[in-house]
2 protein chains.
Amino acid sequence: MAANILVVEDEPAIQELLAFNVTQCGFRAIQAMDVASATAEINRALPDLILLDWMLPDTPGVELARRLRADQRTRNIPIIMLTARTDERDKVMGLESGADDYITKPFSPRELMARIRAVLRRRMPQMSEDTVRAEGLELSPTTHRVSANGSSLDLGPTEFRLLHFFMTHAERVYSRAQLLDQVWGDHVFVEERTVDVHIRRLRQAMEPSGLDRLVQTVRGSGYRFSSN
Amino acid sequence: MAANILVVEDEPAIQELLAFNVTQCGFRAIQAMDVASATAEINRALPDLILLDWMLPDTPGVELARRLRADQRTRNIPIIMLTARTDERDKVMGLESGADDYITKPFSPRELMARIRAVLRRRMPQMSEDTVRAEGLELSPTTHRVSANGSSLDLGPTEFRLLHFFMTHAERVYSRAQLLDQVWGDHVFVEERTVDVHIRRLRQAMEPSGLDRLVQTVRGSGYRFSSN
DNA sequence: GATCGCTGTCACACAACTGTCACAATACTT
DNA sequence: AAGTATTGTGACAGTTGTGTGACAGCGATC
């Protein structure tokens, strides 16, 4: 879930520092030095968050923030304002113009990163009742619990994700490669046979409840979650 | 610690009016304009009471009420329905869907507040003294005291807030980052592992009473407060 | 200004999980 | 029936995540 972060800052040194830290934290940094190029970048692809300097060569940062808030498509993009000013009125102005958070220079990289993460977390909340039920199984991501016919199952993280995927994608057959993409992530490189091992571990955990039959092998194709 | 009241109302003017009155009475108002954002707020932190408008842009209020009643975690949250209708059948429907009380617009703020207090008194007697009880634990924010099975616990400020958060948000798993946000605050920057240390200190304090098992580790995800 | 309690951080110990392999068991093919 | 491809299984070592004790900084209190 590498979020794209647009960094709008005219001072090259600070721009570099920001980009470095942002990248370091696993986000993708898109750089812009003024409002004009920032607007161009935003039109090209909507970023997930914007780090916006207060003072910019062409237009004040607040002005950009206000414009983004007025536009339907960009209304919900979180904005963190950067400024050298500590004036309380400016802070109010920044937040009123639609910024989600506000940070004054000089700032510690760690503080900045923490704020970025906090804002992203706040803006991307999980959905409602996410408990999945099927065939006597009940799995809830929020409580991180699984129960089979009442008694609770003890699964490792990978088996948990695997079962969750299966329960939300029942009946259909998935190849080992597909399961690796979906459960492990596309960027991870592991042997396909590793899937077999985790399938086995999952079945083993489900065996006491007799529900291990739900995880079926489709020879030559992959695995399937089904009651038949 | 004042009760959190979630106000779900799409009309901005009424939303403001409600929030103002609720705040005036010493409660904390959390605002939502539709069922979707209300659901998000509920998942973020369980409110102590919900003021729910009948007509909402995305989904009928009754529908949300029904969903909340179906979920274990939200079953006991009191709901007061707001509506412009005076139709007797609607009243029945509202109460049948699980609402605790029902009030028709236009209403006097004083009447509304009276009903809120009445419902809170009825639904959570301990709420009037804002004491939280669970599993032999008793925590009182006002007196800043905790007791486990009768004998009092000696907690530091952070451990106290941590336990309070856990007790009011049982079952659900929270990541270290979420705990930092909720217990330390968004703007505080400390290492995630610091959470581990305070968890340990909390467990240590609860150990003599044997209640340290309530604070559970969910490997790879975070921590959870639960009796199972 | 010394003491005390609390906090955040670190280093290390310990435990759980992961991916991989070798080999056994099974299913298909000829 | 033998041979081949595919999957199941147990073991193992490296990796990652968590528990724990120690410690220094910081305010508050006296």
Side-chain angles (χ1 to χ4, degrees), chain A residues 26 108-111 113-114 144 146 153-166 173-208 212-225, chain B residues 144-146 152-166 173-181 183-208 212-225:
Chain A
S108 79
R110 210 168 64 185
E111 175 181 356
M113 288 311 122
H144 208 277
V146 201
L153 289 192
D154 191 24
L155 299 181
T158 305
E159 285 74 38
F160 188 88
R161 290 200 309 275
L162 186 57
L163 179 57
H164 185 221
F165 177 78
F166 271 139
V173 180
Y174 289 92
S175 69
R176 292 172 176 72
Q178 286 175 312
L179 288 172
L180 283 178
D181 279 359
Q182 300 284 331
V183 179
W184 275 254
D186 352 7
H187 53 286
V188 188
F189 173 71
V190 288
E191 287 294 323
E192 292 204 341
R193 292 297 314 272
T194 299
V195 174
D196 296 34
V197 178
H198 284 278
I199 288 281
R200 175 181 154 273
R201 288 172 181 157
L202 178 56
R203 281 171 172 161
Q204 208 163 4
M206 297 172 75
E207 198 180 332
D212 56 312
R213 64 183 178 80
L214 294 176
V215 180
Q216 303 170 349
T217 304
V218 180
R219 191 182 171 84
S221 301
Y223 296 95
R224 172 178 54 198
F225 183 84
Chain B
H144 211 274
R145 280 174 188 283
V146 203
S152 83
L153 288 192
D154 190 26
L155 298 181
T158 306
E159 285 75 38
F160 186 87
R161 289 201 309 278
L162 187 56
L163 178 58
H164 185 224
F165 177 78
F166 271 139
V173 178
Y174 290 91
S175 69
R176 291 172 176 72
Q178 286 175 312
L179 289 172
L180 284 177
D181 278 0
V183 178
W184 275 255
D186 293 9
H187 349 295
V188 183
F189 320 101
V190 290
E191 287 293 323
E192 292 203 341
R193 290 296 315 272
T194 299
V195 174
D196 296 33
V197 178
H198 284 277
I199 288 280
R200 174 178 157 274
R201 288 172 181 158
L202 177 56
R203 280 172 172 160
Q204 213 161 15
M206 296 171 76
E207 197 179 332
D212 55 313
R213 67 185 177 80
L214 294 176
V215 180
Q216 304 170 348
T217 304
V218 180
R219 191 187 170 85
S221 299
Y223 295 96
R224 172 179 53 198
F225 183 84

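The analysis underlying the following values was restricted to heavy atoms, covering all of them including side chains, and did not include hydrogens, waters or symmetry mates. Each chain gets a letter, A, B and so on, in the order its sequence line appears, and its residues count up from 1.
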Atom CH2 of A:W184 and atom C1' of C:dT18: how far apart are they, to the nearest Å?
10 Å
For B:E159, which contact category applies under a 4.0 Å heavy-atom criterion: base, sugar-phosphate, or nothing?
sugar-phosphate
Just call it for B:R201: base, sugar-phosphate, or nothing, with non-hydrogen atoms closer than 4.0 Å on any strand.
base
Round to a whole Å and report the spacing from CG of B:L179 to C1' of D:dT18.
15 Å
Spacing of A:E191 atom CD relative to D:dC12 atom P, expressed in whole Å:
21 Å
Can you classify the ring geometry of A:F166 versus A:F225 as parallel (below 30°), tilted (30 to 60°) or perpendicular (above 60°)?
parallel
OP1 or OP2 of D:dG19 under 4.0 Å from side-chain N/O of B:T217:
yes
Has B:R200 got a side-chain N or O lying under 4.0 Å from the OP1 or OP2 atom of D:dT18?
no
Test B:V195 against every option in B:T158, B:L162, B:L180, B:V183 by the side chain to side chain contact (heavy atoms under 4.5 Å, CB included) rule and name the one that passes.
B:L180
Once you round it to whole Å, what is the distance between C1' of C:dG5 and NE2 of B:H198?
13 Å
Output the rounded distance in Å from CG (B:D196) to C1' (D:dT16).
13 Å
Polar pair under 3.5 Å, donor/acceptor by atom type, side chain B:R176, base D:dG17:
no
Under 30°, 30 to 60°, or over 60°: which ring-plane class applies to B:Y174 and B:F165, parallel, tilted or perpendicular?
perpendicular
Interatomic distance, B:L202 CG vs D:dG19 P [rounded to whole Å]
12 Å
Interatomic distance, B:L162 CG vs C:dC6 P [rounded to whole Å]
15 Å
Tell me what B:Y223 touches on the nucleic acid: a base, only sugar-phosphate, or nothing, going by heavy atoms under 4.0 Å.
sugar-phosphate
A:E192 CD to C:dC21 C1', in whole Å, measures 16 Å
Students often get this wrong, so: under 4.0 angstrom with heavy atoms, is B:T194 touching a base, only sugar-phosphate, or nothing?
base
Name the closest nucleotide to the A:P157 side chain, picking from C:dT9, C:dT18, C:dT20.
C:dT18
Heavy atoms only, 4.0 Å cut-off, all strands: where does B:R203 land among base, sugar-phosphate and nothing?
sugar-phosphate
Select from A:V190 and A:G156 the residue whose nearest nucleotide in DNA chain C is closer to the 5' end of that strand.
A:G156
Tell me if the side-chain of B:R193 makes a donor-acceptor pair with the base of D:dG17, cut-off 3.5 Å, by modelled atom types.
no
Do any N or O atoms from the side chain of A:R203 and from the backbone of A:V215 form a donor-acceptor pair under 3.5 angstrom?
yes
Where each residue is assigned the nucleotide of DNA chain D containing its nearest heavy atom, which of B:V197 and B:G220 is assigned the position nearer the 5′ end?
B:G220
Could you work out which one of C:dT20, D:dA5, C:dT18 sits closest to the side chain of A:R219?
D:dA5
